[in-house]
Amino acid sequence: GMAGAAARGLLLLLPCLLLLLLPPASAEPELRFRQPAEAPVRLFTEPELARYDGHQEGQPIYLAVKGVVFDVTSGKEFYGKGAPYNALVGKDSTRGVAKMSLDPADLTYDTTGLTEEELKSLDDIFNNVYKAKYPIVGYTSRRILNEDGSPNLDFKPEDQPHFSIKDEF
């Protein structure tokens, strides 16, 4: 009937409409994307970071180590809601990572009194697990700012030159 004919007419039109939406193939190579010289650095306050603790469905999951905020969403089965390491996320858990501890008292940026061994372990895990596996999305305000809130002029963003997704240890 009429409806069938109309539907068929629409189906014939669709490819033409799609072609109109696509840029002409020749236009592509003229686009010269310049890399921003200095990618803007995203600063996370503690309350902001706390929003990414794996409890909001569809939100990314962030974990900070040494003031560097990593997106650990791809490790959801470790860091998501109800997962074994969920206690670490939504905050800077440097001390917990160094001590391999999920004790709430250790889930802090504070590294005071850690042993040489723990500090070495922290650096190993920071470089070989977090930096190797998870993209850096920003830094904690404590890492970027001085105590008085002024910018820390010694701040340097971390590089991730060898970034590749590796299997969880």
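A quick note: this is a predicted structure, and the numbers were derived from the prediction, not measured.
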Engineer: Do Leu63 and Val72 have side chains that get closer than 4.5 Å, going by heavy atoms?
Structural biologist: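 Yes - at least one pair of side-chain heavy atoms lies under 4.5 Å apart.
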Engineer: Answer whether the closest heavy-atom distance between the side chains of Tyr52 and Gln59 falls below 4.5 Å.
Structural biologist: yes
Engineer: Answer yes or no: is there a donor N or O on one side and an acceptor on the other, between the side chain of Ser93 and the main chain of Leu88, under 3.5 Å?
Structural biologist: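 Yes; at least one donor-acceptor contact below 3.5 Å.
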Engineer: Do Tyr134 and Asp71 have side chains that get closer than 4.5 Å, going by heavy atoms?
Structural biologist: no
Engineer: Is His55 close to Asn86 at the side-chain level, that is, under 4.5 Å between some pair of heavy atoms?
Structural biologist: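 Sidechains of His55 and Asn86: in contact.
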Engineer: Counting only N and O atoms by type, is there a donor-acceptor contact under 3.5 Å from the side chain of Glu48 to the main-chain atoms of Thr45?
Structural biologist: yes
Engineer: Could you tell me if the side chain of Lys133 sits less than 4.5 Å from the side chain of Asn128, heavy atoms only?
Structural biologist: no
Engineer: With a 4.5 Å cut-off on side-chain heavy atoms, are Arg95 and Leu107 touching?
Structural biologist: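 Side-chain contact under 4.5 Å: no.
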Engineer: List in chain and number order the residues that pass side-chain contact (heavy atoms from CB on, under 4.5 Å) with Asp103, two or more places apart in sequence or in another chain; answer none if no residue qualifies.
Structural biologist: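 Asp103 satisfies side-chain contact (heavy atoms from CB on, under 4.5 Å) with Ser101, Ala105, Asp106 only.
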Engineer: Take the angle between the ring planes of Phe70 and Tyr130 and call it parallel below 30°, perpendicular above 60°, tilted in between.
Structural biologist: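 Ring orientation of Phe70 relative to Tyr130: tilted.
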Engineer: Do Phe44 and Phe155 share a hydrophobic cluster, counting only Ile, Leu, Val, Met, Phe, Trp and Tyr and linking them when any side-chain heavy atoms are less than 4.5 Å apart?
Structural biologist: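 Phe44 does not cluster with Phe155.
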Engineer: Scan Asp124, Asp159, Asp123 and name whichever one has a salt bridge (Lys or Arg N to Asp or Glu O under 4.0 Å) with Lys131.
Structural biologist: Asp159
Engineer: Around atom CD of Glu116, are there more than 12 heavy atoms of other residues, nucleotides or ligands at under 6.0 Å?
Structural biologist: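 No, because the 6.0 Å sphere around CD of Glu116 holds 12 heavy atoms or fewer from other groups.
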Engineer: OG1/Thr115 to NZ/Lys99 distance, rounded to the nearest 0.5 angstrom?
Structural biologist: 9.0 Å
Engineer: Between Tyr79 and Tyr85, how do the two ring planes meet: parallel, tilted or perpendicular, split at 30° and 60°?
Structural biologist: tilted
Engineer: Can Val137 be reached from Tyr109 by stepping across I, L, V, M, F, W or Y side chains whose heavy atoms are under 4.5 Å apart?
Structural biologist: no
Engineer: Show the nearest heavy-atom pair for residues Lys156 and Arg143, with the distance to one decimal.
Structural biologist: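 Heavy atoms only, the tightest pair is O-NH2, 4.0 Å.
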Engineer: Give me the atom names and distance for the closest heavy-atom approach of Val69 to Leu49.
Structural biologist: CG1-CD1, 3.7 Å
Engineer: In terms of hydrophobic clusters joined by side-chain contacts under 4.5 Å, are Val41 and Val65 together?
Structural biologist: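 Yes: a chain of side-chain contacts under 4.5 Å links Val41 to Val65.
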Engineer: Do you know which two heavy atoms are closest between Ala98 and Leu122, and how far apart they sit?
Structural biologist: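 Heavy-atom minimum between the residues: CB-CB, 3.8 Å.
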Engineer: When you compare the side chain of Thr140 with that of Val68, does any pair of heavy atoms fall below 4.5 Å?
Structural biologist: no
Engineer: Under the criterion salt bridge (Lys or Arg N to Asp or Glu O under 4.0 Å), which of Arg142, Arg51, Lys91 is the partner of Glu46?
Structural biologist: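 Among Arg142, Arg51, Lys91, the one that satisfies the salt bridge (Lys or Arg N to Asp or Glu O under 4.0 Å) with Glu46 is Arg142.
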Engineer: What's the separation between atom CD in Glu158 and atom CD1 in Ile136, rounded to the nearest 0.5 Å?
Structural biologist: 5.5 Å
Engineer: Find the distance between CD1 (Ile144) and OG (Ser150) and round it off to the nearest 0.5 Å.
Structural biologist: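 If we round to the nearest 0.5 Å, Ile144:CD1 and Ser150:OG are 12.5 Å apart.
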Engineer: Please determine whether side chain to side chain donor-acceptor pair (under 3.5 Å) holds for the pair Asp110 and Thr112, giving the CA-CA distance in whole Å, both sets of side-chain angles, and the decisive distance to 0.1 Å.
Structural biologist: CA-CA 6 Å; Asp110 189 3; Thr112 314; 2.4 Å; yes
Engineer: Could you report the tightest heavy-atom contact between Gly54 and Ile61, atom names first, then the distance?
Structural biologist: CA-CG1, 3.7 Å
Engineer: Identify the heavy atoms of Thr94 and Gly67 that sit nearest to each other, and give their distance.
Structural biologist: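 Taking Thr94 first and Gly67 second, the nearest heavy atoms are OG1-N, 4.3 Å.
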Engineer: Taking all non-hydrogen atoms of both residues, which atom of Tyr62 and which atom of Val89 are closest, and how far apart?
Structural biologist: O-CB, 3.4 Å
